[in-house]
Amino acid sequence: MDARSVLIASYVGLALFYIAIYLFLVYQMKRKRADGTRAIDDAVNDQTKTGRPSVAEILIYGGMIVIAGLIIYDAVYRGGDKLSYIGRAVIIPIAVSIFNARKRTGRSLMALLAAFFIVFYFMLLFFFIGLPPKAPGLKINQTQIVMDQTTAEDLHTEGYDIYCRRKNAGRAEYRDYLTSGDYQRYAWDQSRTIPRGYEHRDIDGAYPDYLLVKNGQIIGSLIFYAGRKEDKILENSTVIGFGIEEDGSQSDREKGLQIELEGINLMRSLDQGELARVFGKKLWLQPGDRKNADVTSLVYGIQWTCRSDNFFFNNFYSYIRFDELNFMTRFELLTDPVR
């Protein structure tokens, strides 16, 4: 059994354990005592109000909940998960005051306990698994490419060609890729098969296996993925990597190609403030002292990840290398698929 299956089984077992505890407590509270009463019907506070809350009460307590939520969101957003204890300090007094606003019985306690179990369970799920990261949007002219969703056939429908590197290809220069014979235009005849399984490959290096071409112009290089279970023909394989070499970035810019990552045009001068605003905490790598930096440190690193890495959801990574004039020189967008 793999680690992913073990984790799923553990969480299913934990859910069943919580349900068993809750049902046992309900059973115990519903048992009749010697005098015929039940604990679940006992009052748990001294309030005498039993009618429906008035509009004023709803507005007051509703306003308190909204204000508390805003305070918690702002604290966690600014300070991270470590400041979540502030949320507890804010929300617990409000929850207690709302609970004690009217007469409550053991039924209310059991409802509160059920809510606690549910919230705590989902908190554990979020802490260990997290939420699936949204796939970054890559746009080439008017064509949208979504990592691990867009297939080779989708690109073909949009008018693109795929060139496949021959087995015994030489070491041609970038400008000669299409004329040297090292690459052959794919005939879209289901003759090319992508083997199952994932193998890490660099996308920004020279001599890629697949080229994305349109109207005789190289757009960039590609990595295809068949999935974990079975081989697939190229047409049905998904794109999990796209890259542009240094020679390619200059050629694309001269020919007026438009390439956007999450709405940022990579073909014009890059603005560090814009990238920080669009990507936020996902922008984990950026140059510091630009005046004294060498060309190797002129790079932006962006990642879309979750807490469980690729056990449950795909992770995405992008590197944008640029020159002293802030123009992109190399670009790569990669997917680390679930496996």
Side-chain angles (χ1 to χ4, degrees), residues 80 133-141 144-148 150 173-175 177 198-212 217-225 239-307 309-310 313-337:
K134 180 179 178 296
L138 177 66
K139 193 174 183 180
I140 302 176
N141 288 337
Q144 192 79 24
I145 297 179
V146 180
M147 295 289 109
D148 203 21
T150 301
E173 297 292 329
Y174 177 86
R175 61 177 179 273
Y177 275 176
Y198 173 76
E199 178 184 353
H200 175 75
R201 298 178 183 177
D202 292 326
I203 191 68
D204 65 343
Y207 318 118
D209 290 332
Y210 299 96
L211 299 176
L212 181 66
Q217 175 188 352
I218 299 176
I219 309 298
S221 54
L222 297 170
I223 294 177
F224 288 104
Y225 179 58
V239 177
I240 63 168
F242 174 81
I244 299 176
E245 298 180 27
E246 186 169 357
D247 292 337
S249 65
Q250 181 65 28
S251 174
D252 291 341
R253 189 175 296 109
E254 291 175 352
K255 295 181 179 179
L257 187 69
Q258 295 295 312
I259 298 179
E260 296 181 358
L261 179 65
E262 292 290 90
I264 294 180
N265 189 350
L266 302 179
M267 293 292 101
R268 60 173 174 81
S269 179
L270 300 173
D271 180 77
Q272 189 168 357
E274 182 184 19
L275 270 80
R277 183 175 64 257
V278 171
F279 297 111
K281 295 181 180 180
K282 298 181 182 69
L283 183 64
W284 67 273
L285 176 62
Q286 52 186 317
D289 185 3
R290 297 286 296 276
K291 293 182 179 180
N292 300 321
D294 59 53
V295 68
T296 59
S297 64
L298 298 180
V299 56
Y300 294 111
I302 312 165
Q303 61 181 11
W304 296 259
T305 59
C306 65
R307 299 176 186 273
D309 286 331
N310 55 6
F313 312 114
N314 288 1
N315 291 331
F316 307 91
Y317 306 90
S318 180
Y319 293 93
I320 307 172
R321 303 184 185 278
F322 58 98
D323 58 21
E324 294 83 353
L325 299 177
N326 291 320
F327 283 102
M328 184 266 291
T329 56
R330 285 191 175 192
F331 171 72
E332 59 180 308
L333 177 61
L334 294 166
T335 305
D336 193 4

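In what follows, every heavy atom counts, from backbone to side chain, and hydrogens, waters and symmetry copies are set aside.
Between Tyr225 and Asp148, the closest heavy-atom pair is CD2-OD1, 3.7 Å. Minimum heavy-atom separation, Ile140 to Leu257: CG2-CD1, 4.1 Å. The two atoms that bring Glu260 and Asn265 nearest to each other are CG-CA, 4.1 Å, heavy atoms only. In terms of heavy atoms, Gln144 sits closest to Thr150 at O-OG1, 3.9 Å. Of all non-hydrogen atoms in Pro136 and Trp304, the two that sit nearest each other are CB-CZ2, 3.5 Å. Listed here is the closest heavy atom pair of Gln217 and Ser251: NE2-O, 4.3 Å.
Within the 3.5 Å criterion, the main-chain N or O of Ser318 finds no donor-acceptor partner in the side chain of Glu332. Checking side-chain atoms of Arg253 against main-chain N and O of Met328 turns up a donor-acceptor pair under 3.5 Å. Looking only at distances, no side-chain donor or acceptor of Arg321 sits under 3.5 Å from a matching main-chain atom of Val299.
Atom CD1 of residue Ile223 and atom CZ of residue Phe242 lie 11.5 Å apart, to the nearest 0.5 angstrom. The distance from atom OG1 of Thr305 to atom CG of Asn314, rounded to the nearest 0.5 Å, is 12.0 Å. Atom CG of Leu138 and atom CD1 of Ile145 lie 5.0 Å apart (nearest 0.5 Å). Note that CG of Leu298 is 13.5 Å distant from CZ of Arg330, once rounded to the nearest 0.5 Å. How far OH of Tyr174 is from CG of Leu211: 7.5 Å, rounded to the nearest 0.5 Å. Remark: Phe316 CZ to Asp336 CG distance equals 9.5 Å, nearest 0.5 Å.
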Could you go through the side chain to side chain contact (heavy atoms under 4.5 Å, CB included) check for Leu333 and Phe331 one step at a time?
CA-CA 7 Å; Leu333 177 61; Phe331 171 72; 3.9 Å; yes
Using the rule given for side chain to side chain contact (heavy atoms under 4.5 Å, CB included), can you reason through Ile218 versus Glu245, listing the C-alpha separation, both sets of side-chain angles and the distance that settles it, and then say yes or no?
CA-CA 10 Å; Ile218 299 176; Glu245 298 180 27; over 6 Å; no
Report the C-alpha distance between Arg175 and Asp247 in whole Å, list the side-chain angles of each, state the deciding distance to 0.1 Å, and finish with yes or no for side chain to side chain contact (heavy atoms under 4.5 Å, CB included).
CA-CA 8 Å; Arg175 61 177 179 273; Asp247 292 337; over 6 Å; no
Test side chain to side chain contact (heavy atoms under 4.5 Å, CB included) on Phe279 and Trp284 and set out the steps.
CA-CA 9 Å; Phe279 297 111; Trp284 67 273; over 6 Å; no
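Between Tyr300 and Phe322, the angle of the ring planes stays under 30°, which puts this pair in the parallel group of the 30/60° scheme.
In this structure, Leu261 and Ile320 have side chains that are in contact, with non-hydrogen atoms separated by less than 4.5 Å. Side-chain contact check for Asp209 versus Phe224: every heavy-atom pair is 4.5 Å or farther apart.
Applying the 6.0 Å contact sphere to CZ of Arg268 captures more than 12 heavy atoms from other residues, nucleotides or ligands.
A donor and an acceptor atom, one from each side chain of Gln303 and Asn315, are nowhere located under 3.5 Å apart. Side-chain contact annotation: Glu254 with Gln250, donor-acceptor N/O pair under 3.5 Å present.
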